[in-house]
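Chain A is the first sequence line, chain B the second, and so forth, proteins listed ahead of strands; every chain is numbered from 1.
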2 protein chains.
Amino acid sequence: MGWPEMSGEDNLLRLVEVEDGDENNYHLQDQVGFILRKAHQRHVSIFASHIGDLTPPQFAALAKLYDIGETSQNQLGTLIAMDAATVKGVIDRLKARGLVEVSKHEVDKRRLLVNLTPEGREAIERLIPLARAITEETLAPLTAKEAATFLRLLAKLA
Amino acid sequence: MGWPEMSGEDNLLRLVEVEDGDENNYHLQDQVGFILRKAHQRHVSIFASHIGDLTPPQFAALAKLYDIGETSQNQLGTLIAMDAATVKGVIDRLKARGLVEVSKHEVDKRRLLVNLTPEGREAIERLIPLARAITEETLAPLTAKEAATFLRLLAKLA
DNA sequence: TCAAATTCATTCGTATGCAAATGATATCAG
DNA sequence: CTGATATCATTTGCATACGAATGAATTTGA
């Protein structure tokens with residue numbers, strides 16, 4: 001089997017293209033950034049179907065506060081990969097719902113300390129089992145072995 | 001080597017925890033959603049460092065129009081994984097910059113056709129080589145073999 | 001054929017996400 | 001000690017992202 005309508009010289013050119021991995025064509029749907037964006041979208045959608053009243057960033061803030069206890073708004077942002085402007089909005093909304101409370105640092109007056117309220121603690125304890133199910137459903141298209149490989153490589157990338 | 005300060009009963013409990021994969025502790029930083037979000041953030045940052053005057057969604061719209069030619073706004077949204085509300089904003093901004101033009105479908109009056117302008121075509125042709133570099137830099141933490149595996153698994157997930 | 005359902009696009013509201021500028025406070029260097 | 005730097009938080013502006021509601025146009029099905 002060969003390529004129709006091709007002279008010998010065309011065949012040589014074609015071979016070069018094959019060796020180059022078809023680099024003259026740009027396929028958006030094969031680019032890591034595009035697929036990464038879609039995978040992230042799918043995860044957020046799965047998250048919303050399990051936990052409708054909280055976003056992933058809001059959950060991340062609660063989970064991290066549950067893990068480490070009271071901390072400054074900036075430090076929390078670093079731990080959950082949010083810049084200062086973003087974390088402020090997230091904390092404002094959690095505060096408005098009574099899930100976290102803020103206070104001023106006694107020594108360093110620049111810092112705003114954030115901590116879970118009892119309601120916030122109760123919420124995160126209730127939600128963590130759901131979060132496990134979300135992780136499971138997100139990884140469901142992969143076998144256990146594939147999922148382990150994927151998580152290892154994803155972590156190297158992130 | 002054992003665990004300090006543990007009686008025989010404690011050791012039994014500890015073994016159960018190990019067998020359970022430490023499932024009593026929830027580690028945000030190990031969850032696929034959290035790492036996916038960070039990997040996506042890193043990619044967007046790399047993208048911005050190479051292509052400062054266009055966002056990844058804007059680039060995706062141009063690249064897809066370059067690939068398939070004129071299409072409806074809705075269809076374009078489907079192809080680049082954007083809902084109708086999001087794609088409208090993206091197209092509006094590309095239109096304002098003269099990179100795309102819109103027209104009404106002659107038969108189906110509901111549809112808004114979108115196409116590249118000559119400037120848009122010139123822009124995407126200029127940018128595609130940069131996009132290849134962005135993909136390369138995003139995948140740089142992985143070996144070629146790892147990258148291939150990662151892309152295969154990521155595609156299954158997305 | 002014609003009412004119901006569907007599709008396409010728009011608008012509104014809410015929530016990240018980040019760059020840049022600003023102000024307050026704290027730390028460092030000479 | 002003090003001026004330069006750095007850190008923490010806030011604010012503004014812009015750009016996705018999506019649910020829900022709406023209106024216009026088309027397609028379907030009885």
key: Outermost DNA chain C nucleotides near chain B [under 4.0 Å, heavy atoms]   =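 Nucleotide range in contact with chain B: C:dT7 to C:dC18.
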ask   = Can you check side-chain contact (heavy atoms from CB on, under 4.5 Å) on B:R42 and B:T138, steps first, answer last?
value = CA-CA 8 Å; B:R42 174 169 168 272; B:T138 299; 4.1 Å; yes
message = Dot-bracket, 5' to 3', for DNA chain D please: Watson-Crick or G-U pairs under 3.5 Å, [ ] where pairs cross earlier ones, | where the partner sits on another strand, dots elsewhere.
response = ||||||||||||||||||||||||||||||
Would you be so kind as to tabulate the donor-acceptor pairs closer than 3.5 Å made by side chains of residues 76-85 of chain A, with sequence neighbours excluded?
residue, atom, partner, partner atom, Å
A:T78, OG1, A:N74, O, 3.2
A:D83, OD1, A:A85, N, 3.2
A:D83, OD1, A:T86, N, 2.8
A:D83, OD1, A:T86, OG1, 2.9

Could you pull out the closest heavy-atom pair between [X] and [Y], with the gap in Å?
X     : Y      : answer
B:L65 : B:N115 : CD1-C, 4.3 Å
A:I35 : B:A155 : CG2-CA, 3.9 Å
A:F47 : A:T55  : CE2-C, 3.7 Å
B:V90 : B:A61  : CG1-CB, 4.2 Å

For [X], check side chain to side chain donor-acceptor pair (under 3.5 Å) against everything at least two apart and list the hits.
X     : value
B:E70 : none
A:K38 : none
A:Q75 : none

ask   = Okay, side chain of B:H27, backbone of B:Q29: is any donor-acceptor separation there less than 3.5 Å?
value =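 Pair absent, no side-chain N/O of B:H27 close to backbone of B:Q29.
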ask   = For B:E146, what residues pass the salt bridge (Lys or Arg N to Asp or Glu O under 4.0 Å) criterion, not counting sequence neighbours?
value = A:R152, A:K156
key: Under the salt bridge (Lys or Arg N to Asp or Glu O under 4.0 Å) test, residues paired with A:R111 that sit two or more places apart   = A:D108
inquiry  = Does A:T149 form a side-chain contact (heavy atoms from CB on, under 4.5 Å) with B:F150? I'd like the steps, not just the answer.
reply    = CA-CA 8 Å; A:T149 301; B:F150 176 73; over 6 Å; no
I'd like a list of close polar pairs between nucleotides 17-24 of chain D and the protein, N/O only, cut-off under 3.5 Å.
residue, atom, partner, partner atom, Å
D:dA17, OP1, A:R37, NE, 3.3
D:dA17, OP2, A:R37, NE, 2.8
D:dA17, OP2, A:R37, NH2, 3.2

For DNA chain D, determine which residues of [range] have any heavy atom closer than 4.0 angstrom to one of its atoms, and list them numerically.
range                      : value
residues 89-105 of chain B : B:V90, B:R93
residues 48-56 of chain B  : B:T55
residues 62-77 of chain A  : A:S72, A:Q73, A:N74

Nearest-nucleotide comparison on DNA chain C, the residue closer to the 5′ end among A:D108 and B:K88 =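 Nearest-nucleotide comparison on DNA chain C picks B:K88.
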ask   = Looking only at side chains, do B:T117 and B:E101 share a donor and an acceptor under 3.5 Å apart?
value =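 Short answer, no.
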ask   = Given the rule that I, L, V, M, F, W and Y join up when any side-chain heavy atoms are under 4.5 Å apart, are A:I68 and A:L113 in one cluster?
value = no
task = Give a yes or no on whether the ring-centroid distance for B:F59 and A:Y26 is below 6.0 angstrom.
result =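 That pair passes the under 6.0 Å test.
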ask   = In terms of the angle between their ring planes, are A:H40 and B:H40 parallel, tilted or perpendicular, with boundaries placed at 30° and 60°?
value = parallel
